[in-house]
2 protein chains.
Amino acid sequence: MTVPTPPWRTARKRAKTQLSQDVIVETGLRILVTDGSEALSMRRVAQALDTGPASLYAHVSNKEELLELIFDRVLGEIHLPEPDPAQWQRQLRGYAMEALRILAQYGDVARIAVANVPTGPNALRVGEWMMGLLVGAGMSPREASFAVDRLALYITADAFEGSQHFARMRAAGVTDPGAYMEEFATRIADYYRTLPADRFPHLTGYVEEMTAGDGDARFEFGLDLLITGMEARLR
Amino acid sequence: MTVPTPPWRTARKRAKTQLSQDVIVETGLRILVTDGSEALSMRRVAQALDTGPASLYAHVSNKEELLELIFDRVLGEIHLPEPDPAQWQRQLRGYAMEALRILAQYGDVARIAVANVPTGPNALRVGEWMMGLLVGAGMSPREASFAVDRLALYITADAFEGSQHFARMRAAGVTDPGAYMEEFATRIADYYRTLPADRFPHLTGYVEEMTAGDGDARFEFGLDLLITGMEARLR
DNA sequence: ACCTGAACACCGTTCAAGT
DNA sequence: ACCTGAACACCGTTCAAGT
């Protein structure tokens with residue numbers, strides 16, 4: 001016969017939400033979005049769930065694993081069209097643009113992907129889709145796997161780079177990304193102009209061109225280099 | 001008339017080496033090389049110099065700045081040949097390979113470069129060289145500056161990725177990189193083989209191809225995609 | 001100007017103990 | 001099995017005080 005636990009026992013701190021891997025991941029993601037990835041710590045996640053940091057370790061083996069789970073959770077937001085190898089360039093481009101847009105939303109979750117080989121369910125879904133597209137377009141499986149790998153590195157690296165700018169912006173108290181990037185570009189431009197022209201003829205001679213283009217333009221430029229390179233391999 | 005400081009005064013802890021930005025950078029770099037970048041902390045640098053962490057802040061404004069200084073110090077080891085636009089592909093390829101090799105030696109200093117726009121003296125030297133090469137080859141200054149930017153991102157991202165593998169290897173107590181990569185590849189391959197073939201036909205069908213090639217092969221593949229893309233732009 | 005000890009406000013992770 | 005408090009071994013940075 002069970003006896004109700006006396007109230008002075010239930011005074012023990014209990015998580016307000018039932019703990020689980022899912023709520024931990026969602027909580028971590030929310031912290032990442034609202035306060036930036038510098039703020040994502042096991043202790044902060046635990047605090048948000050009204051418990052101590054040690055409690056998380058029953059559901060997640062360490063911070064690294066939590067980050068991987070968050071990354072895969074984010075990948076799940078990428079929409080993949082029915083693969084159509086006849087227009088693989090357009091589809092690959094569309095995927096890359098959307099992946100960057102989504103990754104950019106979530107601070108530097110991208111850092112995790114630059115380092116790890118993502119093996120979560122959504123990473124597999126994306127990998128399978130890209131392989132289907134490129135092999136369907138006539139690329140050898142080996143080249144396709146390399147191409148998928150390199151494109152993923154490029155996207156995550158760019159997202160990571162962008163997130164660092166974003167973090168600095170937040171740290172500086174600026175809220176408008178456009179104004180921040182403009183200020184950043186003029187600061188670099190001003191610096192280049194102070195350089196000795198004889199030792200740095202190109203940097204000083206093409207200041208406008210060196211600082212032209214926003215993040216998107218640069219991302220698309222590199223993306224097109226990669227896709228053009230793949231096209232050449234297919235011929 | 002000056003009086004010699006009594007011995008009980010000199011008992012105060014003094015840095016064994018005269019502190020300066022240079023010795024701090026060298027010390028940080030040495031820690032990075034021998035113990036990996038996880039081990040690089042202001043406190044460890046101070047300890048190696050036989051002083052307290054607060055002492056470093058007279059020469060370096062924060063950890064971020066120290067990392068940037070270390071990065072530029074490492075860039076200085078890259079040898080640049082006389083630019084010959086007639087063989088820009090070969091020279092650009094050679095530069096990328098050497099830059100990767102050197103960056104890979106120094107743990108994840110590369111992480112700093114993925115995030116920052118390097119403006120140290122050696123970063124300028126490299127930037128000027130690459131601009132000269134590509135503009136000399138006939139590329140518009142704007143496209144050349146984009147190309148330089150994207151290539152730098154690619155190199156540092158790959159070096160960063162490689163350094164993470166290296167860190168995991170060290171954490172696992174493995175010393176032979178070849179053995180580690182082989183074990184890593186078979187682990188991924190085994191995982192792919194357990195996937196349902198109907199949902200992941202390509203991942204399960206091309207397991208060998210998906211896990212083929214070492215880090216160098218994949219780096220060169222992506223590098224060639226970029227260079228081929230640049231070639232197409234020049235025509 | 002340069003350097004110091006001590007303190008502040010944090011980390012990730014472990015572990016014995018509780019339910 | 002899951003959750004806890006407390007502790008361990010760390011962080012980067014600041015600041016008043018010393019030389």
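Chain letters run A, B, ... following the sequence lines, proteins first, then strands; residues in each count from 1. Just so we're clear, the structure is a prediction, and the values are computed from it rather than from any experiment.
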Visitor: For DNA chain C, what dot-bracket results from Watson-Crick or G-U pairs at under 3.5 Å, with [ ] for crossers and | for inter-strand partners?
Guide: ||.|||||...|||||.||
Visitor: Take A:R111 and A:E161, measure what salt bridge (charged side-chain N to carboxylate O under 4.0 Å, His left out) needs, and give me the verdict at the end.
Guide: CA-CA 9 Å; A:R111 189 189 56 91; A:E161 189 188 38; over 6 Å; no
Visitor: Within the pair A:Q18 and D:dC2, is there a side-chain N or O less than 4.0 Å away from OP1 or OP2?
Guide: no
Visitor: Would you sort out whether B:D22 and B:R73 count as a salt bridge (charged side-chain N to carboxylate O under 4.0 Å, His left out), showing the intermediate values?
Guide: CA-CA 10 Å; B:D22 273 358; B:R73 167 50 252 269; over 6 Å; no
Visitor: For A:D50 and D:dC3, what is the distance between atoms CG and C1' respectively, to the nearest whole Å?
Guide: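 Interatomic distance, CG of A:D50 to C1' of D:dC3: 14 Å.
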Visitor: Check the pair A:D190, A:R187 against salt bridge (charged side-chain N to carboxylate O under 4.0 Å, His left out), reporting the backbone distance first and the verdict last.
Guide: CA-CA 5 Å; A:D190 289 347; A:R187 206 157 50 80; over 6 Å; no
Visitor: What pair of heavy atoms forms the shortest contact from A:L103 to A:V109, and how long is it?
Guide: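 Scanning both residues completely, I find the closest heavy atoms to be O-CG2, 4.3 Å.
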Visitor: With rounding to the closest Å, how many angstrom separate the C1' atoms on C:dC2 and D:dA17?
Guide: 13 Å
Visitor: Closest approach to the side chain of B:A54, judged atom by atom: which nucleotide of C:dC2, C:dT14, C:dA6 is it?
Guide: C:dA6
Visitor: Calculate the interatomic distance between A:I24 atom CD1 and D:dC2 atom P; express it in whole Å.
Guide: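 These atoms are roughly 11 Å apart.
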Visitor: Is there a side-chain polar atom (N or O) of A:H59 under 4.0 Å from OP1 or OP2 of D:dA1?
Guide: no
Visitor: Rounding to the closest angstrom, what is the interatomic distance between D:dA7 and C:dC11 at atom C1'?
Guide: 14 Å
Visitor: Can you tell me the distance, in whole Å, between the CG atom of A:L56 and the P atom of D:dC3?
Guide: 10 Å
Visitor: Given the C1' atoms of C:dC3 and D:dA16, what is the spacing between them in whole Å?
Guide: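 Each nucleotide's C1' atom is 13 Å from the other's.
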Visitor: Name the residue closer to the 5' end of DNA chain C, choosing between A:E64 and B:S20 according to the nucleotide with the nearest heavy atom.
Guide: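 Comparing both residues, the 5'-ward one is B:S20.
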Visitor: Separation of A:E65 atom CD from C:dT13 atom C1', in whole Å?
Guide: 14 Å
Visitor: Would A:R125 and A:E77 satisfy salt bridge (charged side-chain N to carboxylate O under 4.0 Å, His left out), going step by step from the backbone distance to the final call?
Guide: CA-CA 12 Å; A:R125 183 182 68 103; A:E77 295 192 18; over 6 Å; no
Visitor: Using a 3.5 Å distance criterion without hydrogens, assess whether the side chain of B:E38 forms a donor-acceptor pair with backbone atoms of B:A167.
Guide: no
Visitor: For the residue pair A:E128 and B:H202, confirm or rule out a side-chain donor-acceptor distance under 3.5 Å.
Guide: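 Yes, a side-chain donor-acceptor pair sits under 3.5 Å.
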Visitor: Check nucleotides 8-12 of chain C against the protein and report each pair of N or O atoms closer than 3.5 Å, with its distance, or say if there are none.
Guide:
| from | atom 1 | to | atom 2 | distance (Å) |
| --- | --- | --- | --- | --- |
| C:dC11 | OP1 | A:S41 | OG | 3.2 |
| C:dG12 | OP1 | A:M42 | N | 3.3 |
| C:dG12 | OP1 | A:K63 | NZ | 3.1 |
| C:dG12 | OP2 | A:M42 | N | 3.0 |
| C:dG12 | OP2 | A:R43 | N | 3.4 |
| C:dG12 | N7 | A:R43 | NH1 | 2.4 |
| C:dG12 | O6 | A:R43 | NH1 | 2.8 |

Visitor: Scan residues 58-68 of chain A for pairs that pass salt bridge (Lys or Arg N to Asp or Glu O under 4.0 Å), counting only residues two or more places apart or in two chains.
Guide: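 Applying salt bridge (Lys or Arg N to Asp or Glu O under 4.0 Å) to every pair that reaches into residues 58-68 of chain A, excluding sequence neighbours, yields A:E64-B:R168.
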Visitor: Under 6.0 Å between ring centres: does that hold for B:Y154 and B:F219?
Guide: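 Close enough - the centres of the two rings lie under 6.0 Å apart.
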